[in-house]
Amino acid sequence: MADRGVELSALPKEVRDQLAELDLELSEGDITQKGYEKKRTKLLAPYIIQTPGKNSTITFSPGLTPTLLSLSHRSGGTRDDRYRSDIHTEAVQAALAKHKEEKMALPMPTKRRSTYVQSPVENHTPPDSSSGSEDETSVRRQSTVIAPPPAVNPNLQSPDSWINHSVQGSSTSSSASSTMSHGEAKPQPQKNNAPPPDVTAVAPRARGPRVDLPSNAVVRGMSRVQSRSSMMETADGVPVSSRVSTKIQQLLNTLKRPKRPPLSEFFTDDSEEIVEVPQPDPNTPKPEGRQTIPVKGEPLGVVSNWPPALQAALARWGATQGKSPALTALDITGKPLYTLTYGKLWSRSVKLAYTLLNKLGTKNEQILKPGDRVALVYPNSDPGMFWVAFYGCLLAEVIPVPIEVPLSRKDAGISQVGFLLGSCGVGLALTSEICLKGLPKTPAGEILQFKGWPRLKWVVTDSKYLTKPSKDWQPHIPTANTDPAYIEYKANKEGTVVGVAVSKVAMLTHCQALTQACNYCEGETLVNVLDFKKDMGLWHGVLTAVMNRIHTISVPYAVMKACPLSWVQRVHIHKGSVSSCDAFLNVFQSHGLKPEVICPCATSPEAMTVAIRRPGVPGAPLPARAILSLGGLSHGVIRVNTEDKNSALTVQDVGHVMPGALMCVVKPDGPPQLCKTDEIGEIIVNSRAGGNMYYGLPGVTKNTFEVIPVNANGVPIGEIPFVRSGLLGFVGPGSLIFVVGKIEGLLMVSGRRHNADDLVATALAVEPVKTVYRGRIAVFSVTVFYDERVVIVAEQRPDASEEDSFQWMSRVLQAIDSIHQVGLYCLALVPANTLPKTPLGGIHISDTKQFFLDGNLHPCNILMCPHTCVTNLPKPRQKQPVGVGPASVMVGNLVAGKRIAQAAGRDLGMIEDQDLVRKHQYLTEALHWRAQTDPDHVLYVLLNAKGVTVGTATCVQLHKRAEKIAAALTEKGSINTGENVVLLYPPGIDLIAAFYGCLYAGCVPVTVRPPHPQNLAATLPTVRMIIDVSKAACILTTQNLTRILRSKEAALSVNIKTWPTIIDTDDLPRRRPPQIYKPPTAEMIAYLDFSVSTTGMLTGVKISHAAVSALCRSIKLQCELYSSRQIAICLDPYCGLGFVLWCLASVYSGHQSILIPPFELESCLSLWLSTLSQYRIRDTFCSYSVMELCTKGLGTQTDLLKARGVNLSCVRSCVVIAEERPRLALTHSFSKLFKDVGLSPRAVSTAFGSRVNLAICLQGTTGPDPCTVYVDMKSLRHDRVRLVERGAPQSLPLMESGKILPGVRVIIVNPETRGPLGDSHLGEIWVNSPHNASGYYTIYGEESLQADHFNTKLSFGDPQTLWARTGYLGFVKRTELLAASGDRHDALFVVGSLDETLELRGLRYHPIDIETSVSRAHRSIAESAVFTWTNLLVVVSELCGSEQDALDLVPLITNVVLEEHHLIVGVVVIVDPGVIPINSRGEKQRMHLRDSFLADQLDPIYVAYNM
């Protein structure tokens, strides 16, 4: 014990290396123990700290530590010692030291305080950990968790200076991560840079008002390329913007490190087949030995007085040695509780057998028959009751099935135990009175029905309830046969619990073999620390003990936790044989423990005892150890480790094969082919002493219990069946058996095998283990993207700081990477005592894995490393150089018989004379004419939240109000013709009157959504920006809004002194303008349409008078509108088609419009639907936000609507107005939900418009229904369209965006070459129509962009036509349906905005597809948005559950994006609901979100940086 008091890790490197060298010499036998001690003492002498008193500390000396336990099943307490290897700790230290030299700063995740302040230490129950390491019992310091100090980086420039004032508005109270949290320098005012208005202030928490937020004040009119580059990176991937947070920079630097596998291991994506298996590495070690031969154990000796059955032995000892002690049970303090003699054991067992067979039912019926299965439910603290029950069942010839005591409904694996009871057909459970009282009950006092359990009758077996048998009754004890004697439960890797049936003869033979192997003699004493219900504890401590009249002292597991020494003291008092692990040999050798008495063994429930080291002769040399290379083991071959000491595994033998058994080693997967001598395989055994089936499961039984090994040619080597033991190992020199692991703990990653226990050992060897509990660590693998991925979950101590945990986690990653050459996918730390436990306190692996996959682990720390360990992604696609000219592509398409992708609506037709409106080129003339010819016809009806009409406008009223406003503009505002006027009104008739007033006065109206009075800071700057950009000469608005514009609150956000003239139109005098203005030509601008695109761009387009009348006419034709019709509109009337329908269409076509302002739905959800029903509306128009409100808010209340008399059978078309891909899921759910109130499934359809043309498609009243196609997502990423069947894997449903309007032509064009595409390609939608917009309204007057977007020609094919580019990707498909003309109908499918697409790995992704996958990943994800930063994918998800679920989302989001899109997520950001900005059309503003994220304004709950 020379190294007492020396901290090995603190020694200089050279000393540690010399020590390791010495250890190697000793283990290889090149040096004697004495020489070793001498040299070691000499090396350590300078570093020894003298400790007063002898033997005051006990440390493990690293010389002799084996890594195999005596009990291969490593249950509970034994488990830790396996990991307590100091050699291993040294190896890990060395491996980490290597990493230190190339140390990378891993970005630490960002957390909000509240998420991880754990409750004070007092509230944590003491750990169940059985390690007995000194730091567990010492009093823990109480400490509060403090957020780690930010990593300050002074070189980081500030976010643009004008964010400065938005910080005060952000809600920093709840968080520690406002703008300052990442230690960025405070914003410096920048010179000569007029601050643009702040539109990036934090979006409101409650997603109340939808806000249109232009990002960074980018105005359309800069070229599309420029504007993106202001937010994207330069060519070499270095971000331009100063906003990228230090963390992301750190992450990018980390990810630049080379990955482990060389490039040849990546496979190429064949576009059809995603995965090709990586080519095997030629340097992989392969087995070279000869084929193994079966190994035979010594014959089973015949002893004259061996009983014919185990019960016979009990009968014999009960009769002849009644006073001799059979069992002594200890209480929790380690003191004897009671002793059961053989006489008592016999008489009670007979009593129980009699009661079971004769006294359970009424007189005449027998409830139990021999051969029935009975559950034994006894706590670990009461072995006596269990013994009586077990032997009572044997005597009654019923089959006992011992199980754990169920403690609650939520026990780990409880439903699986139900599966076991069901498959064994158990209907009766035996238990003790105390245990029965402790079982969970229903309020009525009955025992709970546990999930998945069959109905059970409970029988109490305490003596007082048993009946003494009549004199003439004797239990029937037949000679042991092949009927089942008992069933032992076993949980397999997936967590399923099965019952291994052991026959009577196998039970007896096993006892005989153990007696022979362990030299048990009559009357000895045995101390049992193991679980007596199964495995070694049952075989030795209950069965073999009775056969040999041994006195068993049963030490309950709880004693081990409270006082680990008590059982050693028992051994000392009783001088019994010890059956436990080798690790404490070093500790107890000085107390007289002889090395040769330690007997490691290998067991499994199926094969029972496979091998055991026979107790040695005193003084005999210890068996040798094998030092194996972990690299070799991962390929399943045995290689003695020579070169890299760090990745070695030392294993000890488990002795020889059991007496009377035959053993082989076969390949663990595929046919059971015999292994070569240097190959690791599964041990299979043929013996009379083994399990004989999985009870009630004949299918699985065959593969396990009836294995016939085959040779290299696949020929069976004999007739006799073997049993698979589930143990992996090999046969060493001298026929010694070595076990290196279990099949259950095997993780197959990229074709290599890793042992879960070895990974645990490495993780625990990472110092300091102050972060986690030793015995509470789970390692398992999950299948993600065609391979297994390693996950480690451990319980974190309550006093571990954030910084320490993160340090520890990053070091574990490095250690496992360098020692096992395998990347970890995920490392999660959960709060203490939250992992599911097995009955003896170990971690329940399969339940933990299920929790992980279901998102129920609630980690407090998580580190994902998909970038490092996912190495089988397809190669990034290289874009083909455009060497082939577009014309040849076209010719190629024609030759291949592909159609050019184009489609058109029907002709607008000649002007029909009978309709006087057609003679009026201008809407002003149309209104004037209507006021004269049909003055009292009601054009507009405005409803409030109660469904009451609050305003109407007849033709003449509207005309007169427009005249008043025109007069006011010329008089009060002294406006000249052609000047721009901003209309700032809530949705209503005032807005319409003001619009026509402007036209009457000859000025150009610009409709703007009014600011939200409760949220001026976020909404007013957008208003101000539109006013500035449009150079408005005047603002028309209401009295109320005039007050708001001039208020003090407004002054906080914008400069209110510089508003243009504000005219309040509420009470205008009755004046008429001198004349109604008539534009000189129809090409003059009628109005400006401003809107904020999803990329955060503010764009204004010019709409001419000609376009207005063409558009209105086109809509009139498509929807068959005329003056006797009524339509209902529930849309925002500020831009796009919503504005056209609200303000223009009725005046043109004369139909009546019922106006429902969308904000009224917030106070009365059913307003829109009940209006449709009340007015019997046939055609209605709404937005996605309205549809979503109804679906979410009314979906469950259809019965209520029915009761109120709502009936939607009148609705013929309900059109969603949008500028995006149709939201199929939403329209489907809407149709399904409201089918109950009469909505026809054919009614719902969508429209499509864009900035360059406000209405391209609109489902009319005639023409075929919109069709849905399923396209292959893999092809779509390559810009190809491949139709697949519904339900095909990786398929995406797309719905046609309505019928193309009359007069509109579309063509699909390659955005790069500008050549037309065939109909199997995805390309940009170009449109030609008389109602195209005339151009962008810009302050830059950049003409090239106008030409590019509005008047573009194809590069070939039809070079004459002028097209406008919509900026949306889509395709055209000819369908089977017929159009009105009788031709086959061409459908236009919109896939997504070109500006929004993400170019990743050379492929094109649409954010909505990734977001759809993400939203499905976990029940707590409300909404999500994705964007890229440099080449990292960032996913932002809103958490609608509790904050403790936040970290559950990280692995699930990473998994789903990898599985479904083959992308690795770089950053996962979890935020509160309502943080993702959504504009008035219900579209996500991802670019704005991205700017807020990079400026640290999101106040996230958690940010995870995936490595």
Side-chain angles (χ1 to χ4, degrees), residues 71 73-83 123-133 136-137 332 377-381 402-420 435 438-440 448 450-453 489-497 529-535 537 556-562 564 744-745 756-757 760 763-764 772-780 791-798 828-854 856-860:
L71 310 170
H73 71 331
R74 302 183 184 140
S75 76
T78 52
R79 177 159 178 170
D80 284 335
D81 303 303
R82 147 87 202 230
Y83 310 130
N123 312 354
H124 286 274
T125 48
D128 258 5
S129 128
S130 53
S131 68
S133 57
E136 219 102 279
T137 40
I332 197 140
V377 185
Y378 293 95
N380 287 336
S381 53
I403 59 169
E404 303 300 337
V405 179
L407 299 174
S408 76
R409 242 197 195 127
K410 294 211 168 70
D411 278 7
I414 184 106
S415 58
Q416 294 296 351
V417 177
F419 173 76
L420 162 80
C435 185
L439 289 177
L448 270 185
F450 298 106
K451 192 176 154 205
W453 282 38
Y489 79 85
K490 175 229 171 168
N492 60 19
K493 191 174 180 177
E494 292 73 48
T496 333
V497 177
V529 192
L530 301 171
D531 181 359
F532 50 74
K533 292 195 289 298
K534 59 188 227 299
D535 216 88
Y557 182 71
V559 175
M560 294 298 298
K561 286 194 283 193
E744 277 167 38
D757 285 335
V760 173
L764 289 178
V772 295
Y773 293 107
R774 290 196 86 93
R776 304 201 215 163
I777 188 161
V779 174
F780 51 86
V791 177
I792 296 188
V793 181
E795 288 195 3
Q796 176 178 316
R797 294 167 177 274
L829 298 184
V830 299
N833 294 316
T834 55
L835 287 181
K837 303 279 191 295
T838 57
L840 288 183
I843 299 300
H844 196 292
I845 305 283
S846 59
D847 269 27
T848 303
K849 174 173 172 173
Q850 209 40 58
F851 279 13
F852 175 79
L853 292 173
D854 296 345
N856 284 335
L857 261 188
H858 311 324
C860 47

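Computed over heavy atoms, backbone and side chain alike; hydrogens, waters and symmetry mates excluded. No experiment lies behind these values; they were computed from the predicted model shown.
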Exercise for the section: Apply side chain to side chain donor-acceptor pair (under 3.5 Å) to S415 and list each qualifying residue two or more places apart in sequence or on a separate chain. Expected result: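 Listed in chain order: nothing, the list is empty.
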Handout entry: E795: partners by side chain to side chain donor-acceptor pair (under 3.5 Å), with sequence neighbours left out
Key =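 With neighbours one apart ignored, the set is R776, K837.
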Handout entry: Partners meeting salt bridge (charged side-chain N to carboxylate O under 4.0 Å, His left out) with K490 (sequence neighbours left out)
Key =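 Salt bridge (charged side-chain N to carboxylate O under 4.0 Å, His left out) check on K490 returns E606, E744.
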Exercise for the section: Name all residues meeting the salt bridge (charged side-chain N to carboxylate O under 4.0 Å, His left out) criterion together with K533; count only those two or more places apart in sequence or in a different chain, and write none if there are none. Expected result: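 So K533 forms a salt bridge (charged side-chain N to carboxylate O under 4.0 Å, His left out) with E404, D531.
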What are the two closest non-hydrogen atoms of [X] and [Y], and how far apart are they?
| X | Y | value |
| --- | --- | --- |
| P379 | F532 | O-CZ, 3.6 Å |
| C435 | V377 | SG-O, 3.8 Å |
| A828 | P859 | CB-CB, 4.2 Å |
| G495 | S846 | CA-OG, 3.0 Å |
| I843 | A778 | CG2-CB, 3.8 Å |

Report the distance from atom [atom1] of [X] to atom [atom2] of [Y], rounding to the nearest 0.5 Å.
| X | Y | atom1 | atom2 | result |
| --- | --- | --- | --- | --- |
| D411 | D847 | CG | CG | 9.5 Å |
| K451 | Q416 | NZ | CD | 9.0 Å |
| K534 | Y489 | NZ | OH | 4.0 Å |
| L407 | I414 | CG | CD1 | 8.0 Å |
| I777 | I792 | CD1 | CD1 | 5.5 Å |
| F780 | L853 | CZ | CG | 7.0 Å |

Practice task
Sequence neighbours left out, what passes ring-ring contact (aromatic ring centres under 6.0 Å, His included) with Y378? Give chain and number order.
Solution key: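 Y378 satisfies ring-ring contact (aromatic ring centres under 6.0 Å, His included) with no residue once adjacent residues are dropped.
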Exercise for the section: Quick one: list whatever passes ring-ring contact (aromatic ring centres under 6.0 Å, His included) with F450, sequence neighbours left out. Expected result: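 Here the qualifying residues are W453.
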Contact between [X] and [Y] at the side-chain level, heavy atoms closer than 4.5 Å - yes or no?
| X | Y | value |
| --- | --- | --- |
| V791 | V779 | no |
| C860 | Q796 | yes |
| L448 | L439 | no |
| L857 | L835 | yes |
| I332 | S381 | no |
| V529 | P556 | no |

Problem - side-chain contact (heavy atoms from CB on, under 4.5 Å) between D535 and L530, intermediate numbers included - result: CA-CA 9 Å; D535 216 88; L530 301 171; over 6 Å; no
Problem - Whether T848 side chain and H844 backbone form a donor-acceptor pair below 3.5 Å - result: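 Yes, T848 side chain to H844 backbone: donor-acceptor pair under 3.5 Å.
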